[in-house]
Structures are given as C-alpha cells and as structure tokens.
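Data block below; observations after.
Counting begins at 1 with the first residue of the sequence. We use all heavy atoms of the structure for the numbers below, so side chains are in, but hydrogens, waters and symmetry mates are not.
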Amino acid sequence: METDEVKPRAHLAALVLARGGSKGIPLKNIKLLAGVPLIGWVLRAALDAGVFHSVWVSTDHDEIEKVAKQFGAQVHRRSPEVSQDSSTSLETIREFLNHHHEVDIVGNIQATSPCLHPSDLIKVANLIQKEGFDSVFSVVRRHQFRWSEVKKGENKMTEPQNLNPAKRYRRQDWPGELYENGSFYFAKRHLIEKGYLQGGKMAYYEMRAEHSVDIDIDIDWPIAEQRVLSFGYFGKDPLKEVKLLVCSVDGCLTNGRIYVTEDHKEMVSYDYRDIIGINLLKKRGIQVRLISERDCSKSLSAMQLGCVAEVNATNKLRVLEDWQKDIGLSWKEVAYLGNEESDVECLKKAGMSAVPADACALAQKAAGYICKSSGGCGAVREFAEHIFLLLEKVNSARKQMEEVNSAGEETGGK
C-alpha cells in the first residue's frame, strides 16, 4: 500500500539586518538599551518564539558579529556592496538568499524594535506557513487626524484628509487607521527574488501600541529604555520579586583599587550613591549581602553598611548557594552583581544579574544587565534602580493577571 509523501516544512529563517555604520548613533545596533545590546532584544524574542528553523544576523562588523553569536544567532557576513548608506533592505536580503539556498521564507526583523514579543512572531509564522499568505508585515493602529501639507509660497489652505472638522470623532468612537511600523516583514523566497517584500497574497499583523517602538524614528534612548523596561520581553521564565542581592566588594562596591599607606594600612574608596542604593534596597525589603575573595572586613566595618558579608571566599558560587538555601529562595529571587571571572558562575545562576561597565569580558557575557557606571562609581545604585523598575513590571503583570481572573470569575458567574 502506497503512502502519501509528507512534504518537508518550508524553512523559515529570521533575519536581522545590522550594519556597522550609522549616521545617527555609532554602532547603534549593539548600544546598550536597558542593559542589553539593542539587537539582543529582538534576537531573544526570535529564538524563544521557537518557530524559526534558523536565526541570522546580517552584518559587516566584527563587534556586531560577536554580540549576535553571544545571543545564539548565526551570522552572515554581508558584502561591501550591500553595506553602503544607500543599500536597501531588499538588496541585503536578496544577497542573503543567494548564499542560503535552504531558506524558503524570510522573516526580516528590525533591530530597532526592542519591544517585540515571541507571541507576535508565532502568530505571524502561522499566517504564512499554515494559512498560505505570501507576505505578512506589521502595523500599528493610530488615532491621528491628517491634514494636507501647504508648502511655503503656495496660495492655498490646508484640507482635512481623514476627518470632518464639523463632526470630529471622539477617540473612543473612531477605530483609527493602520500604519506600517517597520517591526518585521515576512515574505516567501519567490517574492523577494522578484524584488518585493510585500506582494502576492498579503496580510498585515496588528501589534499592540505599547509593543510598537522604533528607536529610529519614535523616541530617544532614555525614553526607549523606560518603554522597554515596561513592555519589553525578558525571557521565557516569568520575572519574580528579588529578595536577595549579593554584591562583590572589589570592583563593584569599590573601584578595585587598594591604596597602601606608609604604615602598611590598606584603604579603599567607594561612591556614596552606592550606599544610598543599598539602603533603598533594604527599605524595599531586599536583603543585601557582600562577598569578597580577600579579607576586607576592616574596610566593610568602616563603611558601617550593616550587611552580612563573606570575606576570604575561595568559592563564591558555594557561598551563594549556601545563602540561597539558608534563606529558602528560588534562584529567580536572587540578584547578583559581579565583575570578575570568579563571578561568572554566580552571574549565570542568579535570576537577575549585572556587571559594572568596566567588568571583564567573560563576566559581561554572563550578565543579563551591563551597567553604564563603572565599579565604585555608582554601579550598585544603578543596578538597584534597574531592580526597582523590574519589580514594577512584576507587580504590574500580577495586577493584570488578577484583573483577568476577576473578569473570568464575573463572566462565569453570569
């Protein structure tokens, strides 16, 4: 008896275009946004979506390649011909396809859309793979009234484009209009080879407004960081409230320098902002403990921090594990701030991890957040602020879930 041959599933590749040159912000694609390289936000979403056969970054720059590989993406080194200011996305994607004949569908994801979530990508993949669309692109709904432009010197009046001024809509009475937001463009190979990213059987995918952030055109960096902290995607595991912060003393609380006096006494310096950060954490009910590989007990005593400390720690991970078990916490409730190779395993274990700006490369690779401040210059305070912002996100998510459950109970009771 003959059986029907099962057709192999079309190869869907995520492709992020990240050129090294930028007229606005140098190496913008790997500039830290809320402690994560900009490109890292969309790579995390693409990889966690689980719908792509491969995830790629097309770049011409060594540092971007390094970051892309750290996040688990493959790298296509684009040619100089498609790395110019005048090069188009379509030209770059076509070059990628010329080198990767296994790819049937390209999901071109913009590096400048850091609030993209895996759930969006999963739904789009279904549209193009299961419902037969040839191309799908992202849009956002906007409630903006448009008027015709009047150029200088023209003898005419502006005209309304999408409203009647005599009967202006209230926002809640007007559905608004759909605009491309540039977050992603999915298209099948045959369309791209013909010179189109949109064509054939087309569909749009409407993104939530809070997830529609384009750093190229919408907002500047500090505001973008606030949006990402509020609406960004932080990984598969849900965030939990941090209850313990463990901070390495040398190179984090201090700048790592040791000053020796003529009478052989050691001195270190610290930033008072970091002391304020520790006190703020305590006020929020978060324990702060300190760890050091050397005997710095006299220095810590002089600081009068009132924190449990472990000095002469030859195995930081073992100390961290003992504290975690003694307090009865999950790893998601533990935060760690380190800066050296000896901190790497601790950074990997902790649910929330960070390093100062001047931490060693291995520690930076292991951390979830890279501070703008260096060790001994405000890094502790900065990480504390980052923790507070994420706690707000946890509380917000909890309230939303309570509202959903409450709505469900009310519906079920009717």
Side-chain angles (χ1 to χ4, degrees), residues 10-20 22 28-29 38-49 51-61 64-65 68 71 73-79 81-84 86-118 120-129 133-140 179-207 211-217 233:
H11 185 117
L12 172 59
L15 178 62
V16 181
L17 308 182
R19 189 168 63 91
S22 174
K28 174 186 63 182
N29 290 310
L38 176 60
I39 197 173
W41 291 99
V42 294
L43 289 177
R44 180 190 289 162
L47 289 161
D48 284 358
V51 295
F52 297 102
H53 295 85
S54 57
V55 176
W56 294 85
V57 171
S58 170
T59 187
D60 60 338
H61 198 280
I64 296 176
E65 176 176 358
F71 276 86
Q74 300 180 70
V75 173
H76 169 77
R77 289 297 295 227
R78 63 168 74 176
S79 67
E81 288 74 24
V82 294
S83 301
Q84 309 301 316
S86 58
S87 301
T88 66
S89 295
L90 182 59
E91 290 171 344
T92 311
I93 295 169
R94 290 178 74 173
E95 185 207 55
F96 169 80
L97 285 176
N98 288 338
H99 287 84
H100 298 281
H101 301 288
E102 75 281 5
V103 176
D104 303 300
I105 308 166
V106 172
N108 174 215
I109 301 171
Q110 302 297 318
T112 54
S113 299
C115 286
L116 184 65
H117 281 239
D120 296 318
L121 299 172
I122 292 168
K123 291 172 185 175
V124 174
N126 286 334
L127 284 173
I128 206 162
Q129 288 183 315
F133 288 97
D134 296 311
S135 59
V136 183
F137 54 94
S138 58
V139 299
V140 65
Y179 290 80
E180 283 187 35
N181 67 353
S183 284
F184 53 77
Y185 297 86
F186 283 55
K188 292 182 176 177
R189 174 184 278 271
H190 71 87
L191 267 182
I192 298 170
E193 289 177 340
K194 291 178 181 176
Y196 301 99
L197 280 176
Q198 296 160 299
K201 183 181 178 183
M202 285 188 293
Y204 62 78
Y205 176 82
E206 184 177 347
M207 289 179 63
H211 292 170
S212 180
V213 177
D214 187 346
I215 292 178
D216 266 344
I217 58 173
Y233 171 71

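- With sequence neighbours excluded, the residues forming a side chain to side chain donor-acceptor pair (under 3.5 Å) with Tyr205 are Asp120, listed by chain and number.
- Closest non-hydrogen pair, Ala111 versus Val42, comes out as CA-CG2, 4.0 Å.
- Judged by distance alone, with hydrogens and angles left aside, the side-chain atoms of Asn181 form no donor-acceptor pair with the main-chain N or O of Asp214 at under 3.5 Å.
- Take Ala13 and apply the side chain to side chain contact (heavy atoms under 4.5 Å, CB included) test, not counting sequence neighbours, and it matches His11, Ser54, Trp56, Val103.
- With sequence neighbours left out, the side chain to side chain donor-acceptor pair (under 3.5 Å) criterion links Asn108 to Gln110.
- Put simply, CG on Leu17 and CD1 on Ile39 are 9.0 Å apart, with the number rounded to the nearest 0.5 Å.
- Across all non-hydrogen atoms, the minimal contact from Leu12 to Gly107 is CD1-N, 4.2 Å.
- We find the CG-CE distance between Asp134 and Met202 to be 9.5 Å, quoted to the nearest 0.5 Å.
- For the atom pair CE (Met207) and NE2 (His117), the distance works out to 8.0 Å, reported to the nearest 0.5 Å.
- Side chain of Arg78 to backbone of Ser83: no donor-acceptor contact under 3.5 angstrom is found.
- For the pair Cys115 and Val213, the tightest heavy-atom approach, listed with the atom from each and the gap, is SG-CG2, 3.8 Å.
- Atom OG1 of residue Thr92 and atom CG of residue Leu97 lie 11.0 Å apart, to the nearest 0.5 angstrom.
- Checked against side chain to side chain donor-acceptor pair (under 3.5 Å), Arg94 has no partners two or more places apart in sequence or in another chain.
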Distance-only donor-acceptor hits, side chain of residues 190-199, under 3.5 Å, sequence neighbours excluded:
{"unit_1": "Glu193", "atom_1": "OE2", "unit_2": "Arg189", "atom_2": "NH1", "d": "2.9"}
{"unit_1": "Gln198", "atom_1": "NE2", "unit_2": "Glu180", "atom_2": "OE2", "d": "3.1"}

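- In this structure, the side chains of Glu81 and Glu91 stay at 4.5 Å or more apart for every pair of heavy atoms.
- Taking all atoms of both residues into account, the shortest heavy-atom contact from Gly20 to Asp60 is N-OD1, 2.8 Å.
- Expressed to the nearest 0.5 Å, how far CD1 of Ile109 lies from CZ of Phe184 amounts to 8.0 Å.
- Note that CG of Asn29 and OG1 of Thr112 are 8.0 Å apart. Values are rounded to the nearest 0.5 Å.
- Contact between Ala73 and Leu43 at its shortest, heavy atoms only, is CB-CD2, 3.9 Å.
- Checked by atom type and distance alone, the side chain of Ser138 pairs as donor or acceptor with a backbone atom of Ser183 at under 3.5 Å.
- Note: Phe137 and Tyr204 have tilted aromatic rings, judged against thresholds of 30 and 60 degrees for the angle between ring planes.
- Across all non-hydrogen atoms, the minimal contact from Ala68 to Val75 is CB-CG2, 3.9 Å.
- For the pair Phe186/Leu121, a side-chain contact is recorded, criterion being any heavy-atom separation below 4.5 Å from C-beta on.
- Two residues are said to be in side-chain contact when any heavy atoms from C-beta on lie closer than 4.5 Å; Pro118 and Tyr233 meet this criterion.
- Partners of His53 according to the side chain to side chain donor-acceptor pair (under 3.5 Å) rule, which considers only residues two or more places apart in sequence or in another chain, do not exist here.
- Taking the side chain as every heavy atom from C-beta outward, Lys188 and Ile128 approach each other to under 4.5 Å.
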